[in-house]
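Numbered from 1 within each chain, the chains take letters A, B, ... in sequence-line order.
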Amino acid sequence: MAQRPLDEALEFAENPEPRCPCVLVLDVSGSMKGDRIAQLNEGMHFFWEEVSQDPLACKRVEVAVVTFSDTVDIAQDFATIENSQAPTLYAGGATAMGTAILKALQLIRTRKETYRRNGISYYRPWIFLITDGEPTEPPEVMQRAAQEIQQEEAKKGVAFFAVGVEDANMDMLATLSKERPPLKLKGLAFRELFLWLSTSMQRVSSSKVGEKVDLPPPEGWCSV
Amino acid sequence: MRYNSLRHGPLTLGKKINEGGEGEIYEVSGDPDKVAKIYHPNRLKDIEGEEKEKKLRYMVAHPPPNCEEFIRGRSHYNLTWPLDILLNERGQFCGFLMPKIRGSYPILHLFTLKEREKIYEKTGIQFSYKFLLRVASNLSQVVANLHAANYVIGDINEQNILFNKDALVTILDVDSFQVTAPNGAFWPCPVGKYEYTHPNILKELLASGKSYRDIRRFPAHDVFGMAVIIFRLLMEGWHPFQGVLPTEPARIEEMIEKGIFVYAKAIKSAHQVTPPPASPDYSHIYPDLGRLFNRTFLKGYEDIHKTPSAKLFEIALSYYERSLTQCNANPNHFYYQRPNQESACPFCKYKKRFRKDLFPPHKRVNSSSDRKHPPASSLSSNPSGPLLRIYLVFDLYMAPNNILEEINESISSFFQLLYNDRQVKSQLQISIEGIGGKSITFRELSFITEPIPPLILNTDYQPDLLSSLHATVQRAVNTSREDIRFSRPFYRPWILLYFSSEAVSLPSSLSDEKKIRIQEALQKNWITIMSFRLYESKMEEFFGKKVVAIKPKALRKSFEWLFEVIKMRLSESDPKKPVKLPSMGPWRAT
């Protein structure tokens, strides 16, 4: 169990809405340099803008950003859209993908415990991985990451989405989640991708009982 | 594109204001007071379109009273009721006209300090708990009026209820209401939001895979959603079914389905659940309103007939508003001060705990006309003559909401009469009780120190009339004995019984000990018993005296008569001398 900060409850005193958590796990390795990272940053800013327009979703959707290159960093811990800004990322280095996924799962576990202590209910957390390469870590790390994702998926603890950019190793990504095959980004259509994510999050965060949320089709950003 | 309104003729639409799943909202060129909703063509296909057209035509022809009211010289819309249907160029139904609402905001912006501050920055509206209470009571009034007109809202949520700077409420999305025509035509409400959905409906949705449009809603279902909104207004946005469980937090709809209202004592221990640590102290809620929450969130879960009506919420909220005390430390803190308890402003307490003032002092100090309630003790006047003690005893076994409404409204005006009369205030003590399996005290025997009665609610226990009455008689006799001991002059106490249920009767066996005691008190003139019957009661005679039948809707008049009787009695200062009673008016059924 993680430590508990003083005045943790204040955050929820300000906003008792149920939360819709999402971790963006983003590849910032050397190969993402240039246009790719620029488009990704722009897409993320657009995402924040879009969700901010929705008075309820901006209080419910919480995003954490985990980046990976040589190291894994938490570019941003969980915060609601209304209380945060899109981070700006820089690329360079190797691809510690498995460690990043494990970090994302850990963030979610900690966050869930915080929700529990504070009586906040939540929607199924999402992990949204975006990468253009393949892991440069020992294979056991990826195996463990895949195993944990599958366990969580099985008990509906998270929903895992993987998006491959240009020369990403799609076969490797396919081993991560049995539930959802990875999607291939069309060119650098990050803006369209984040518009889709924003619409999906708004739908999920106001979804109704017994209703299977119909996610919008990934048209416009996904190449089949 | 040109459209045609049956009442207003051809018209063109201006710019698009809003877009939803069902259609789009447009301005109407040349008419700033109306907007048009145009459905997506795929929503008007076949039978769905035909039904929608029929429903809208019916609604246009049958608006409930008070859709539009004139308040402070300005028109206010309680509902965006359809004004007329719209046809396209080919003469096909495509949407409807409705009033345009200005200067109003979704109620969700009242839930938390942070949201209220945003509205303040935008509009300058300064908030207090009073404001929130008024929004709550206005909301319950609009809902009560709709129910009286046989409409059910169905999809109550935090985004389709608006408030304005005067705390007036407007309900949107009127075309999704559930409509039942007198000829049997029925149009369901096809949508809903689970956080405001009654547990019985949730069960149906989950168990059978039905959707909202397959379910017939009742006013009690609306009251559930409305009560959640009111709870969130008064509890800083916290949902009544949101709490800390030992396990992973459940989704709100699961908590509702299981009936885990986390602020109820019984629920707390049964489910090992506690209210969220950041929620305000629930004990600040006016007790009568708390009882309505219990009946809605717990009892209504067992049986929707136990859910109070919107009207009862309106009554309880008006008592709440009138019972507010102003805080000494911050004149913008208004709260209910429990009698005989140390003064403790819940908002100062909250401020100490979270270092946030939920209702900061108003920026421009307005010379508030709010009178602080003087402490009750200074009002309990010196008796200027003998004391008259009246015990009002109600049999309300399973009484339906309409009877409860009539009783509460009648008692409310009765208390106003009593409060406005000096002599009555100084010489009359009144107690209000209910007959149940155990007797229920709505109000302890005391002087009228404020014009606010308790909320009278029904009982679920099979009533034991004899035991309850016996207990009341005993108390009355004992109080008189005290008076004798201290040589205080007093009139013979009155016990007034109001029978409403068929289920209540006296056991016929005369040998019953309690019955004998009551008879003795009557024979020795220790007490006077007057009995009345309303609604379904068949009680003809009670302890050898005729039971007076009260006509439907005439209870209030009977209390006006009772007030005259009290005045007459007090006008004769010698308790021994009998007085002539004023004749009973046309409220009496023959």
For B:T247, is it the side chain, the backbone, both, or neither that has a heavy atom closer than 4.5 Å to a heavy atom of chain A?
backbone

Heavy-atom distance under 4.5 Å to chain A: side chain of B:R355, backbone, both or neither?
side chain

Can you confirm whether more than 12 heavy atoms, excluding those of A:R180, are under 6.0 Å from its CZ atom?
yes

Can you name the residues that form a side-chain hydrogen bond (donor to acceptor under 3.5 Å, both in side chains) with A:S121, not counting sequence neighbours?
none

Has A:K112 got more than 12 heavy atoms of other residues, nucleotides or ligands less than 6.0 Å from its NZ?
yes

Quick check: are there more than 12 heavy atoms from other residues, nucleotides or ligands sitting under 6.0 Å from CD of A:E179?
yes

Would you call A:K59 and B:E158 a salt bridge, using N to O less than 4.0 angstrom?
no

Give, as side chain, backbone, both or neither, the part of B:Q159 having an atom under 4.5 angstrom from any heavy atom of chain A.
side chain

Got a sec: does the NZ of B:K118 have more than 12 other heavy atoms crowding it under 6.0 Å?
yes

Sub-4.5 Å side-chain heavy-atom contact between A:I120 and B:Q242
yes

Name the option with the most non-hydrogen atom pairs under 4.5 Å to chain A; the candidates are B:E236, B:K356, B:R232, B:R353.
B:R232

Atom pair CZ/CD of B:F354 and A:E14 - distance to nearest 0.5 Å
11.5 Å

Strictly less than 4.5 Å between heavy atoms, which residues of residues 266-280 of chain B line up against chain A? Please order them by number.
B:P276, B:P277, B:A278

Here the pair of heavy atoms bringing B:R251 nearest to A:Y122 is CD-O, 3.1 Å

Can you name the nearest heavy-atom pair linking A:F12 to B:W238, along with the distance?
O-CZ2, 3.1 Å

Counting only non-hydrogen atoms closer than 4.5 Å, does B:K210 touch chain A with its backbone (N, CA, C, O), its side chain (CB onward), both, or neither?
neither

Tell me which of these, B:S211, B:P246, B:P106, has more heavy-atom pairs under 4.5 Å with chain A than the rest.
B:P246

Please rank B:N157, B:I252, B:L108, B:L113 by heavy-atom pairs under 4.5 Å with chain A and give me the top one.
B:I252

May I ask you to name which of A:P55, A:P16, A:G119, A:P18 has the most heavy-atom pairs under 4.5 Å with chain B?
A:P16

For B:H109, which atoms come within 4.5 Å of any heavy atom of chain A: side chain, backbone, both, or neither?
side chain

Is the NZ atom of B:K203 crowded by more than 12 outside heavy atoms at less than 6.0 Å?
yes

